[in-house]
Number of protein chains: 2
Amino acid sequence: MRRFIQPRLLLLLAKKASHGYELMEALRAIPGSENLSDPGMMYRTLRQLEKAEVLRSAWDTAGRGPARRVYELTKIGREQLEAWAAEIRKTGTHLEEFLTEYESIAEHRSAKQRKRG
Amino acid sequence: MRRFIQPRLLLLLAKKASHGYELMEALRAIPGSENLSDPGMMYRTLRQLEKAEVLRSAWDTAGRGPARRVYELTKIGREQLEAWAAEIRKTGTHLEEFLTEYESIAEHRSAKQRKRG
DNA sequence: TGCGACTATATGCCAGCTACATATAGATGT
DNA sequence: ACATCTATATGTAGCTGGCATATAGTCGCA
């Protein structure tokens with residue numbers, strides 16, 4: 001699934017507004033999404049989503065450490081997330097169909113092998 | 001899922017040796033794989049898989065129409081397909097986890113909306 | 001026999017994406 | 001003062017995907 005970082009970010013932000021660094025660490029903690037936690041990808045993707053009005057951001061200078069750019073979902077963002085969910089459901093179905101097909105021929109093959117052996 | 005054309009081709013070829021044009025039409029007929037049926041992609045991917053010794057090919061001049069380059073799986077190819085299946089199973093799991101999470105927050109949101117309304 | 005449609009393989013190109021490296025800088029602890 | 005951590009951002013090179021284009025054999029048919 002291409003651009004899986006996008007739905008992952010939107011889902012995280014749907015739960016709670018957050019900034020790049022925190023999102024990066026959150027992704028790092030999700031099995032199967034570790035590879036999405038590259039800072040380069042992160043920040044560029046966030047800016048791109050903001051440009052598309054899927055997210056909006058504001059600087060947060062309170063708290064400790066350097067200033068953070070805090071992102072939150074817009075209405076478009078919530079709709080986008082729903083669209084992603086629909087697409088991911090479809091993709092999941094296609095993957096299952098693939099596996100069913102694969103297992104049917106794989107079993108066929110091992111049946112023949114049992115016969116031969 | 002990146003490069004989904006590869007597992008799809010390998011699965012088709014695991015069932016039956018075939019050539020580019022036929023594989024293209026086969027993909028076109030599989031729901032969710034229509035977009036993989038571009039001839040440019042097809043032929044390049046097939047050559048690439050042959051170079052990686054996942055497939056082997058031979059010209060077939062019998063039958064009607066122009067000569068066809070017929071591909072079949074190698075042993076490496078069958079192993080590769082099995083590896084793809086394993087990866088796809090994993091990806092499927094991650095997608096399900098995503099959807100479960102999404103549905104939990106989506107439900108939460110609509111519960112709040114019902115309360116408000 | 002000439003022409004269009006179909007079958008078949010192949011290359012060119014470019015925009016966008018990904019991975020990896022690097023730059024910058026404020027805050028914190030010792 | 002210096003290292004480490006937090007935080008954001010850019011540079012770049014290679015790969016991928018989508019779309020267009022080239023080439024050519026075969027078939028049906030008018």
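In the text below, chain A, chain B and the rest are named by the order of the sequence lines, each starting its count at 1.
Using a 4.0 Å heavy-atom criterion, one finds that Arg44(A) contacts the bases of the nucleic acid, with or without backbone contacts as well.
Taking the nucleotide of DNA chain C with the nearest heavy atom to each of Gly63(A) and Gly40(A), the more 5' of the two is matched to Gly40(A). Nearer to the 5' terminus of DNA chain C, by closest-nucleotide assignment, is the contact made by Gln48(A) (compared with the other of Gly65(A) and Gln48(A)). Residues Leu36(B) and Pro66(A) each lie close to DNA chain D; by heavy-atom proximity, the contact nearer the 5' end of the strand is made by Pro66(A). Nearer the 5' end of DNA chain D, as judged by each residue's closest nucleotide, is the contact made by Arg64(A), out of Met41(A) and Arg64(A).
Summarising the geometry, the separation between CE on Met24(A) and C1' on dC5(D) is reported as 11 Å, rounded to the nearest angstrom. When rounded to the nearest whole Å, the span between CG of Leu46(B) and C1' of dA10(C) equals 12 Å. Going from atom NE2 of His19(A) over to atom P of dC5(D) covers 16 Å, rounded to whole Å. The CG-P distance, from Asp60(B) to dA8(C), rounds to 10 Å in whole Å. For Arg28(A) and dC5(D), the CZ to P distance is 13 Å, given to the nearest whole Å. Rounded to whole Å, the distance from CG on Leu23(A) to P on dA7(D) is 11 Å. Asp38(A) has its CG atom 13 Å from the C1' atom of dG11(D), to the nearest Å. Trp59(A) has its CH2 atom 6 Å from the C1' atom of dT8(D), to the nearest Å.
A salt bridge between Glu103(A) and Arg89(B) is present, with a side-chain N of the basic residue lying under 4.0 Å from a carboxylate O of the acidic one. Salt bridge Glu79(A)/Lys75(A): present, at least one basic N to carboxylate O contact under 4.0 Å.
Under the 4.5 Å side-chain heavy-atom criterion for grouping Ile, Leu, Val, Met, Phe, Trp and Tyr, Val70(B) is not connected to Leu11(B) through any hydrophobic cluster.
Close to dA9(D), at under 4.0 Å from its OP1 or OP2, lies no side-chain N or O of Tyr43(A). One finds no side-chain N or O of Arg47(B) lying less than 4.0 angstrom from the OP1 or OP2 phosphate oxygen of dT9(C). OP1 or OP2 of dG17(D) lies within a sub-4.0 Å distance of a side-chain N or O belonging to Arg3(B).
Although no hydrogens or angles enter the test, the distance criterion places no donor-acceptor pair under 3.5 Å between the side chain of Thr74(A) and the main chain of Arg56(A). No donor-acceptor pair closer than 3.5 Å links the side chain of Glu34(A) to the backbone N or O of Leu27(A).
Checking dA10(C), dC20(C), dT8(D) against the side-chain heavy atoms of Arg69(A) singles out dT8(D) as nearest.
On a pure distance criterion of 3.5 Å, no polar donor-acceptor pair joins the side chain of Arg68(B) and the base of dG25(D).
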